[in-house]
Amino acid sequence: MKIHSHDQEIMRDLLLTLKNAPNSQDVPVAAAVYDSGQNLISRAVNQREFSSDPTAHAEILALKEAGQKNSNWNLKSFTLYVTLEPCLMCAGAILQSRISKVIFGAFSPESSQSYLDLLRGTNAELEIVGGVNADECGLVLSQFFTQQRNY
């Protein structure tokens, strides 16, 4: 899949969201849902530590808000942007939401194969674009984990 300039712009906006987010112990991941007209529907950052909720990943929070604003859990024709490749839990939520496209920044070092690729067999229409502004997204994560190790 080809990386488009508007995808890079949205990813830069998500990185700016992380930069402007309150200082937190949460892993710095941001996600946003856009409709087919490229209108922002929802945006979220990880809040597991903040909310003491193991499911409060940025993707889950953004999908939940998008469903509420859309008055429908079915997000077909919507796009999810996220600064880090989604985990297995988030991949399941993506599948359940029927989202049409996922665009992510940094590849997760924790998986040898994308969870989204594993689930694509269930939704062959799911379009996945990875590596958008990957270096910048990865740097935010590297800096966070370096700081965590230094405490």
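Every value quoted in this text rests on a predicted model; they were computed, and no experiment measured them. Index from 1, following the sequence.
By the criterion of side-chain heavy atoms lying less than 4.5 angstrom apart, applied directly or through intervening Ile, Leu, Val, Met, Phe, Trp or Tyr residues, L84 is not grouped with L18; the two fall into different hydrophobic clusters. When hydrophobic clusters are built by joining Ile, Leu, Val, Met, Phe, Trp and Tyr residues whose side-chain heavy atoms come closer than 4.5 Å, directly or via intermediates, I3 is not grouped with L15. V33 is not connected to I60 by any chain of hydrophobic side-chain contacts under 4.5 Å among Ile, Leu, Val, Met, Phe, Trp and Tyr, and they are in different clusters. Residues V132 and L14 fall within the same hydrophobic cluster, defined by Ile, Leu, Val, Met, Phe, Trp and Tyr side chains chained together at heavy-atom separations under 4.5 Å.
The two atoms that bring P54 and S52 nearest to each other are CD-O, 3.9 Å, heavy atoms only. Pairing each heavy atom of L63 with each of S97, the nearest pair is CD2-OG, 3.9 Å. Closest heavy-atom contact between L61 and A56: CD1-O, 3.8 Å. Between F144 and P28, the shortest heavy-atom contact is CG-CD, 3.3 Å. In terms of heavy atoms, A106 sits closest to G138 at CB-N, 3.8 Å. Taking both residues in full, the closest heavy atoms of M11 and G105 are given as CE-N, 3.7 Å, listed atom of the first, atom of the second, then distance.
Note that the CD1 atom of I94 and the CD1 atom of I99 stand 7.5 Å from one another [nearest 0.5 Å]. Within the model, atoms CG of N133 and CD1 of I103 stand 11.0 Å from one another, a figure rounded to the nearest 0.5 Å. Atom OH of Y81 and atom CD of Q8 lie 10.5 Å apart (nearest 0.5 Å). Expressed to the nearest 0.5 Å, how far CZ of F104 lies from CD of E85 amounts to 4.0 Å. Expressed to the nearest 0.5 Å, how far SG of C90 lies from CG of L95 amounts to 12.5 Å.
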Exercise for review: Take S100 and T79 through the test side chain to side chain contact (heavy atoms under 4.5 Å, CB included) and record every step on the way to the result.
Suggested key: CA-CA 6 Å; S100 295; T79 300; 5.9 Å; no
Practice item. Check the pair H57 / V29 against side chain to side chain contact (heavy atoms under 4.5 Å, CB included), numbers first and verdict last. Key: CA-CA 8 Å; H57 287 205; V29 176; over 6 Å; no
Exercise for review: Would you check, one step at a time, whether the test side chain to side chain contact (heavy atoms under 4.5 Å, CB included) holds for E59 with M89?
Suggested key: CA-CA 10 Å; E59 300 96 308; M89 176 182 69; over 6 Å; no
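Using bins of under 30°, 30° to 60° and over 60° for the plane-to-plane angle, the ring pair H4/H6 lands in the parallel bin.
Among K101, R98, K76, the single residue meeting the side chain to side chain donor-acceptor pair (under 3.5 Å) criterion with E125 is K76.
For the side-chain hydrogen bond (donor to acceptor under 3.5 Å, both in side chains) condition, the pairs that include at least one residue of residues 32-41, sequence neighbours left out, are D35-N39.
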In residues 40-51, what donor-acceptor pairs under 3.5 Å come from side-chain atoms, sequence neighbours left out?
from	atom 1	to	atom 2	distance (Å)
S42	OG	A62	O	2.7
R43	NH2	D13	OD2	2.9
N46	OD1	A58	N	2.7
N46	ND2	V27	O	3.0
S51	OG	Q47	O	2.6
S51	OG	D53	N	3.4

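Checked by atom type and distance alone, the side chain of T83 never pairs as donor or acceptor with a backbone atom of C137 at under 3.5 Å.
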